[in-house]
Amino acid sequence: MDLTGLFDILAQSYSVRDWWPRRDDPFEVIVGAILIQRTTWANAARAIEALRDEGLLTSEAIHAADGSRLEPLIRPTGFYRAKAATLKGFCSMLTQDYEGELSVLLQLPLPAQRVVLLSNRGIGDETADAILVYAAGKPSFVVDAFTRRLLLRLGWIEGDESYVEIQRAFTEALPADANTFASYHALLVQHGQTHCRVRPRCVGCPTASLCDFVTVQRKDVQ
DNA sequence: AACCAGGAATGTA
DNA sequence: TACATTCATGGT
(Lines give C-alpha, C1' and ligand atoms only; values in the text may rest on other atoms or scores of the structure.)
Protein backbone atom coordinates (compact mmCIF):
# COMPACT_ATOMS: atom_id res chain seq x y z
CA MET A 1 0.00 0.00 0.00
CA ASP A 2 1.21 3.48 -0.88
CA LEU A 3 -0.09 7.04 -1.02
CA THR A 4 -1.89 6.37 -4.30
CA GLY A 5 -3.65 3.35 -2.83
CA LEU A 6 -4.61 5.37 0.23
CA PHE A 7 -6.20 7.99 -2.00
CA ASP A 8 -8.31 5.31 -3.68
CA ILE A 9 -9.49 3.92 -0.35
CA LEU A 10 -10.46 7.37 0.93
CA ALA A 11 -12.10 8.32 -2.36
CA GLN A 12 -14.36 5.27 -2.07
CA SER A 13 -15.40 6.26 1.46
CA TYR A 14 -15.95 10.01 1.32
CA SER A 15 -17.33 12.58 -1.10
CA VAL A 16 -15.56 15.91 -1.34
CA ARG A 17 -17.25 17.82 -4.14
CA ASP A 18 -16.84 21.59 -3.55
CA TRP A 19 -15.23 20.94 -0.20
CA TRP A 20 -13.69 24.40 0.17
CA PRO A 21 -16.53 26.95 0.15
CA ARG A 22 -16.53 29.74 -2.48
CA ARG A 23 -13.52 28.55 -4.40
CA ASP A 24 -14.62 30.86 -7.19
CA ASP A 25 -13.63 33.86 -5.04
CA PRO A 26 -9.85 33.73 -4.41
CA PHE A 27 -9.83 36.61 -1.93
CA GLU A 28 -12.51 34.99 0.18
CA VAL A 29 -10.58 31.72 0.07
CA ILE A 30 -7.51 33.52 1.43
CA VAL A 31 -9.49 35.21 4.21
CA GLY A 32 -11.00 31.81 5.02
CA ALA A 33 -7.58 30.13 5.03
CA ILE A 34 -6.33 32.61 7.62
CA LEU A 35 -9.46 32.55 9.79
CA ILE A 36 -9.80 28.74 9.80
CA GLN A 37 -6.48 28.30 11.59
CA ARG A 38 -6.96 26.13 14.66
CA THR A 39 -10.79 26.38 14.60
CA THR A 40 -13.82 24.82 12.94
CA TRP A 41 -15.37 26.02 9.72
CA ALA A 42 -18.59 26.99 11.53
CA ASN A 43 -16.65 29.63 13.47
CA ALA A 44 -14.69 30.83 10.44
CA ALA A 45 -17.89 31.10 8.39
CA ARG A 46 -19.51 33.32 11.02
CA ALA A 47 -16.51 35.63 10.95
CA ILE A 48 -16.54 35.81 7.15
CA GLU A 49 -20.23 36.72 7.13
CA ALA A 50 -19.62 39.37 9.77
CA LEU A 51 -16.87 40.87 7.59
CA ARG A 52 -19.16 40.73 4.56
CA ASP A 53 -21.98 42.49 6.42
CA GLU A 54 -19.56 45.31 7.27
CA GLY A 55 -18.30 45.55 3.71
CA LEU A 56 -14.88 44.33 4.84
CA LEU A 57 -14.39 41.50 2.38
CA THR A 58 -12.09 43.35 -0.01
CA SER A 59 -8.37 43.98 0.33
CA GLU A 60 -8.87 47.76 0.08
CA ALA A 61 -11.44 47.78 2.90
CA ILE A 62 -9.36 45.58 5.19
CA HIS A 63 -6.23 47.57 4.44
CA ALA A 64 -8.03 50.80 5.33
CA ALA A 65 -9.89 49.40 8.33
CA ASP A 66 -8.67 49.78 11.87
CA GLY A 67 -7.52 46.60 13.59
CA SER A 68 -9.88 47.41 16.47
CA ARG A 69 -12.78 47.23 13.99
CA LEU A 70 -11.71 43.86 12.60
CA GLU A 71 -11.06 42.12 15.89
CA PRO A 72 -14.61 41.89 17.30
CA LEU A 73 -15.91 40.70 13.91
CA ILE A 74 -13.56 37.72 13.75
CA ARG A 75 -13.64 37.04 17.48
CA PRO A 76 -15.44 33.65 17.18
CA THR A 77 -12.42 32.19 15.36
CA GLY A 78 -10.11 32.66 18.34
CA PHE A 79 -6.62 34.20 18.08
CA TYR A 80 -8.56 37.21 16.82
CA ARG A 81 -5.86 39.81 17.49
CA ALA A 82 -3.22 37.82 15.65
CA LYS A 83 -5.59 36.97 12.79
CA ALA A 84 -6.70 40.59 12.39
CA ALA A 85 -3.03 41.58 12.11
CA THR A 86 -2.44 38.79 9.56
CA LEU A 87 -5.38 39.94 7.43
CA LYS A 88 -4.24 43.55 7.55
CA GLY A 89 -0.66 42.60 6.81
CA PHE A 90 -1.61 40.53 3.78
CA CYS A 91 -3.90 43.23 2.39
CA SER A 92 -1.24 45.89 2.96
CA MET A 93 1.25 43.80 1.00
CA LEU A 94 -1.32 43.46 -1.77
CA THR A 95 -1.86 47.19 -2.11
CA GLN A 96 1.81 48.13 -1.71
CA ASP A 97 3.55 45.42 -3.76
CA TYR A 98 0.83 44.37 -6.22
CA GLU A 99 -1.26 47.54 -6.63
CA GLY A 100 -4.18 45.73 -5.03
CA GLU A 101 -4.27 43.16 -7.83
CA LEU A 102 -4.57 39.73 -6.23
CA SER A 103 -4.55 38.11 -9.68
CA VAL A 104 -0.95 39.26 -10.19
CA LEU A 105 0.16 37.49 -7.04
CA LEU A 106 -1.83 34.36 -7.88
CA GLN A 107 -0.21 34.15 -11.31
CA LEU A 108 3.32 33.98 -9.93
CA PRO A 109 4.95 30.56 -10.39
CA LEU A 110 4.44 28.19 -7.47
CA PRO A 111 7.84 28.43 -5.72
CA ALA A 112 8.00 32.23 -5.90
CA GLN A 113 4.39 32.60 -4.83
CA ARG A 114 4.96 30.30 -1.86
CA VAL A 115 7.91 32.42 -0.73
CA VAL A 116 5.81 35.59 -0.96
CA LEU A 117 2.95 34.04 1.00
CA LEU A 118 5.32 32.75 3.69
CA SER A 119 6.86 36.21 4.07
CA ASN A 120 3.60 37.29 5.73
CA ARG A 121 3.54 37.06 9.50
CA GLY A 122 0.75 34.66 10.44
CA ILE A 123 0.91 32.65 7.21
CA GLY A 124 2.87 29.43 7.70
CA ASP A 125 3.40 26.34 5.55
CA GLU A 126 -0.11 24.94 5.83
CA THR A 127 -1.95 28.21 5.23
CA ALA A 128 0.35 29.07 2.32
CA ASP A 129 -0.30 25.70 0.69
CA ALA A 130 -4.06 25.98 1.24
CA ILE A 131 -3.97 29.34 -0.55
CA LEU A 132 -1.81 27.92 -3.35
CA VAL A 133 -4.13 24.97 -3.99
CA TYR A 134 -7.58 26.44 -3.36
CA ALA A 135 -7.11 30.06 -4.43
CA ALA A 136 -4.27 29.94 -6.98
CA GLY A 137 -4.87 26.46 -8.39
CA LYS A 138 -1.24 25.42 -7.95
CA PRO A 139 -0.20 21.83 -7.11
CA SER A 140 1.14 22.51 -3.60
CA PHE A 141 0.15 19.74 -1.18
CA VAL A 142 -1.39 20.73 2.17
CA VAL A 143 -0.02 18.72 5.10
CA ASP A 144 -2.23 19.11 8.16
CA ALA A 145 -2.43 17.50 11.60
CA PHE A 146 -4.90 14.86 10.39
CA THR A 147 -2.55 13.82 7.61
CA ARG A 148 0.45 13.56 9.92
CA ARG A 149 -1.56 11.59 12.46
CA LEU A 150 -2.92 9.16 9.91
CA LEU A 151 0.51 8.49 8.38
CA LEU A 152 1.87 7.94 11.89
CA ARG A 153 -0.89 5.45 12.71
CA LEU A 154 -0.36 3.68 9.40
CA GLY A 155 3.28 3.30 10.42
CA TRP A 156 4.43 5.12 7.27
CA ILE A 157 6.33 7.87 9.11
CA GLU A 158 8.30 8.05 12.35
CA GLY A 159 6.72 11.30 13.51
CA ASP A 160 9.80 13.53 13.48
CA GLU A 161 9.63 14.32 9.76
CA SER A 162 9.43 17.98 8.77
CA TYR A 163 6.43 19.51 7.02
CA VAL A 164 8.29 19.74 3.73
CA GLU A 165 9.50 16.13 3.94
CA ILE A 166 5.95 14.84 4.23
CA GLN A 167 4.83 17.19 1.49
CA ARG A 168 7.57 15.87 -0.81
CA ALA A 169 6.33 12.29 -0.31
CA PHE A 170 2.90 13.27 -1.63
CA THR A 171 4.36 15.39 -4.42
CA GLU A 172 6.54 12.53 -5.67
CA ALA A 173 3.73 9.99 -5.47
CA LEU A 174 1.07 11.98 -7.33
CA PRO A 175 0.66 13.74 -10.66
CA ALA A 176 1.35 17.49 -10.25
CA ASP A 177 -2.30 18.46 -10.52
CA ALA A 178 -3.99 21.04 -8.29
CA ASN A 179 -7.37 19.31 -8.36
CA THR A 180 -5.82 16.01 -7.33
CA PHE A 181 -3.98 17.70 -4.46
CA ALA A 182 -7.10 19.59 -3.40
CA SER A 183 -9.24 16.44 -3.43
CA TYR A 184 -6.67 14.39 -1.54
CA HIS A 185 -6.35 16.97 1.22
CA ALA A 186 -10.13 17.28 1.47
CA LEU A 187 -10.41 13.48 1.76
CA LEU A 188 -7.77 13.40 4.48
CA VAL A 189 -9.59 16.06 6.52
CA GLN A 190 -12.89 14.29 5.98
CA HIS A 191 -11.35 11.07 7.24
CA GLY A 192 -9.61 12.85 10.09
CA GLN A 193 -12.80 14.47 11.30
CA THR A 194 -14.72 11.20 11.34
CA HIS A 195 -12.17 8.53 12.29
CA CYS A 196 -8.64 9.81 12.85
CA ARG A 197 -9.07 12.31 15.66
CA VAL A 198 -6.92 12.44 18.75
CA ARG A 199 -9.72 10.50 20.39
CA PRO A 200 -10.38 8.00 17.63
CA ARG A 201 -13.64 6.52 16.47
CA CYS A 202 -12.31 3.39 14.80
CA VAL A 203 -15.72 1.82 14.16
CA GLY A 204 -16.23 1.67 10.43
CA CYS A 205 -12.87 3.28 9.66
CA PRO A 206 -11.96 2.55 6.03
CA THR A 207 -8.23 2.36 6.83
CA ALA A 208 -8.70 0.05 9.82
CA SER A 209 -7.11 -2.92 8.07
CA LEU A 210 -3.93 -0.88 7.47
CA CYS A 211 -3.78 1.04 10.71
CA ASP A 212 -1.33 0.09 13.47
CA PHE A 213 -3.20 2.29 15.91
CA VAL A 214 -6.45 0.39 15.45
CA THR A 215 -4.59 -2.88 15.89
CA VAL A 216 -3.09 -1.64 19.13
CA GLN A 217 -6.49 -0.45 20.32
CA ARG A 218 -8.07 -3.82 19.59
CA LYS A 219 -5.29 -5.64 21.44
CA ASP A 220 -5.82 -3.33 24.43
CA VAL A 221 -9.55 -3.94 24.45
CA GLN A 222 -9.35 -7.71 24.16
C1' DA B 1 11.74 22.29 21.25
C1' DA B 2 8.17 23.24 24.73
C1' DC B 3 5.00 26.74 25.17
C1' DC B 4 1.68 30.25 24.20
C1' DA B 5 -2.17 32.80 21.71
C1' DG B 6 -8.18 32.07 22.66
C1' DG B 7 -13.16 31.38 21.55
C1' DA B 8 -16.37 27.66 20.75
C1' DA B 9 -17.73 22.94 20.72
C1' DT B 10 -17.53 18.53 22.64
C1' DG B 11 -16.35 15.13 26.10
C1' DT B 12 -15.97 13.57 30.97
C1' DA B 13 -16.95 13.39 36.03
C1' DT C 1 -22.45 22.26 36.66
C1' DA C 2 -17.47 22.22 36.69
C1' DC C 3 -13.57 20.84 34.41
C1' DA C 4 -10.71 19.17 30.53
C1' DT C 5 -9.71 18.49 25.78
C1' DT C 6 -9.68 19.55 21.01
C1' DC C 7 -9.88 22.28 16.78
C1' DA C 8 -8.88 23.20 8.20
C1' DT C 9 -1.76 26.60 13.26
C1' DG C 10 1.98 29.83 13.63
C1' DG C 11 5.52 32.28 16.18
C1' DT C 12 8.84 32.46 19.78
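Numbers restart at 1 for each chain; the letters A, B, ... are given by sequence-line order, proteins then strands.
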*Picking from Leu150(A), Leu152(A), Ile157(A), what satisfies side chain to side chain contact (heavy atoms under 4.5 Å, CB included) with Leu154(A)?*
Leu150(A)
*dA8(B) P sits how many Å from Ile36(A) CD1, rounded?*
14 Å
_Phosphate OP1/OP2 of dT12(B) contacted by Arg199(A) side-chain N/O (<4.0 Å)_ = yes
*Whichever of Gly122(A) and Gly32(A) has its nearest DNA chain C nucleotide further upstream toward 5'*: Gly32(A)
*Report the relative orientation of the aromatic rings in Trp19(A) and Tyr134(A); use parallel for angles under 30°, tilted for 30 to 60°, perpendicular for over 60°.*
tilted
_Between dG7(B) (C1') and Leu70(A) (CG): distance, integer Å_ = 17 Å
*For the pair made of OH in Tyr80(A) and C1' in dA5(B), what is the distance, rounded to whole Å?*
10 Å
*Hey, does Thr40(A) reach any base, or is it just sugar-phosphate, or nothing, if we go heavy atoms under 4.0 Å?*
nothing
*When you compare dA8(C) with dA1(B), how far apart are their P atoms, in angstrom units rounded to a whole number?*
26 Å
*dA5(B) phosphate, OP1 or OP2: any side-chain N/O from Arg75(A) under 4.0 angstrom?*
no
*asked:* Under 4.0 Å, counting only non-hydrogen atoms across every strand here, what does Arg201(A) touch: a base, just sugar-phosphate, or nothing?
replied: nothing
*asked:* Distance under 4.0 Å to a non-hydrogen atom of chain A counts as contact; along DNA chain C, which nucleotides mark the start and end?
replied: dT5(C) to dT12(C)
*Pairwise P distance for dT5(C) and dC4(B), with rounding to whole Å*: 14 Å
_Glu54(A) with Arg69(A): basic N within carboxylate O range, under 4.0 Å_ = yes
_Using atom C1' in both nucleotides, what's the gap between dA4(C) and dG6(B) to the nearest angstrom?_
15 Å
*Atom CZ of Phe79(A) to atom C1' of dC3(B): distance rounded to whole Å?*
12 Å
*How long is the line joining CZ of Arg38(A) and C1' of dA9(B), in whole Å?*
13 Å
*What nucleic acid atoms does Gly78(A) come within less than 4.0 Å of, heavy atoms only: base, sugar-phosphate, or nothing?*
base
_Interatomic spacing from CG in Asp8(A) to CE in Met1(A) - rounded to 0.5 Å_ = 8.0 Å
*Check whether any side-chain heavy atom of Asp129(A) lies under 4.5 Å from a side-chain heavy atom of Phe181(A), and answer yes or no.*
no
*asked:* Students often get this wrong, so: under 4.0 angstrom with heavy atoms, is Asn120(A) touching a base, only sugar-phosphate, or nothing?
replied: sugar-phosphate
_Can you measure Gln193(A) atom CD to dT10(B) atom P for me and round it to whole angstrom units?_
12 Å
_If hydrophobic clusters are built from ILVMFWY residues whose side chains come within less than 4.5 Å, do Leu151(A) and Tyr14(A) share one?_
yes
*Between Arg52(A) and Glu49(A), is the closest basic N to carboxylate O distance under 4.0 Å?*
yes
*In whole angstrom, what separates Arg46(A)'s CZ from dA8(B)'s C1'?*
7 Å
*Below 4.5 Å, heavy atoms only, C-beta onward: do Glu165(A) and Arg168(A) meet side chain to side chain?*
yes
*Using a cut-off of 4.0 Å on non-hydrogen atoms, how would the nucleic acid contact of Thr77(A) be classed: base, sugar-phosphate, or nothing?*
base
*Pick the nucleotide of DNA chain B nearest each of Ala42(A) and Gln37(A); which residue has the one closer to the 5' end?*
Gln37(A)
